[in-house]
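Read the structure below first, then the notes.
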Amino acid sequence: MNAVIERQEQQDITLREEERQRCEVWTRVMGYHRPVASFNIGKQGEFAERVHFEEATVRS
């Protein structure tokens with residue numbers, strides 16, 4: 001079965017400042033989710049310093 005994927009031309013989307021909306025970022029802390037904006041300044045700094053990684057899969 002072949003899937004047909006249609007490609008659309010990408011167009012730049014430009015929004016005026018009043019049309020923009022802040023994106024609320026949530027993260028998992030100690031087993032539950034919290035918005036990063038509710039963190040104190042130190043915890044926000046720790047969040048900004050986090051390094052993301054992908055664990056390599058081990059083949060047998």
Side-chain angles (χ1 to χ4, degrees):
M1 175 185 277
N2 292 336
V4 177
I5 300 173
E6 294 181 24
R7 293 186 179 191
Q8 297 178 353
E9 292 182 27
Q10 290 188 352
Q11 298 176 358
D12 290 338
I13 298 174
T14 306
L15 295 175
R16 294 186 310 267
E17 199 60 38
E18 61 270 8
E19 295 176 309
R20 294 178 174 267
Q21 180 178 347
R22 282 191 72 84
C23 176
E24 187 172 86
V25 178
W26 285 61
T27 187
R28 187 175 153 291
V29 179
M30 299 297 292
Y32 59 95
H33 293 84
R34 292 190 55 187
V36 174
S38 71
F39 290 172
N40 64 33
I41 192 75
K43 192 65 167 176
Q44 286 182 3
E46 289 177 11
F47 179 79
E49 292 176 354
R50 287 185 184 175
V51 177
H52 297 275
F53 68 94
E54 290 186 25
E55 194 171 343
T57 56
V58 179
R59 293 186 179 197
S60 310

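What's counted below: heavy atoms across the whole structure, side chains too, no hydrogens, waters or symmetry copies. One-based numbering along the sequence shown.
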**Message:** Could you check whether atom CD of Glu19 has more than 12 heavy atoms from other residues, nucleotides or ligands sitting under 6.0 Å from it?
**Reply:**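 Above 12, so yes.
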**Item:** Interatomic distance, Arg28 atom CZ to Met30 atom CE [nearest 0.5 angstrom]
**Value:** 9.0 Å
Side-chain donor-acceptor pairs of residues 51-58 under 3.5 Å, sequence neighbours excluded:
none

Side-chain donor-acceptor distances from residues 36-49 under 3.5 Å, at least two apart:
{"unit_1": "Ser38", "atom_1": "OG", "unit_2": "Arg34", "atom_2": "NH2", "d": "3.1"}
{"unit_1": "Ser38", "atom_1": "OG", "unit_2": "Pro35", "atom_2": "O", "d": "2.8"}
{"unit_1": "Asn40", "atom_1": "OD1", "unit_2": "Gly42", "atom_2": "N", "d": "3.1"}
{"unit_1": "Asn40", "atom_1": "OD1", "unit_2": "Lys43", "atom_2": "N", "d": "2.8"}
{"unit_1": "Gln44", "atom_1": "NE2", "unit_2": "Val36", "atom_2": "O", "d": "3.4"}
{"unit_1": "Gln44", "atom_1": "NE2", "unit_2": "Phe39", "atom_2": "O", "d": "3.1"}

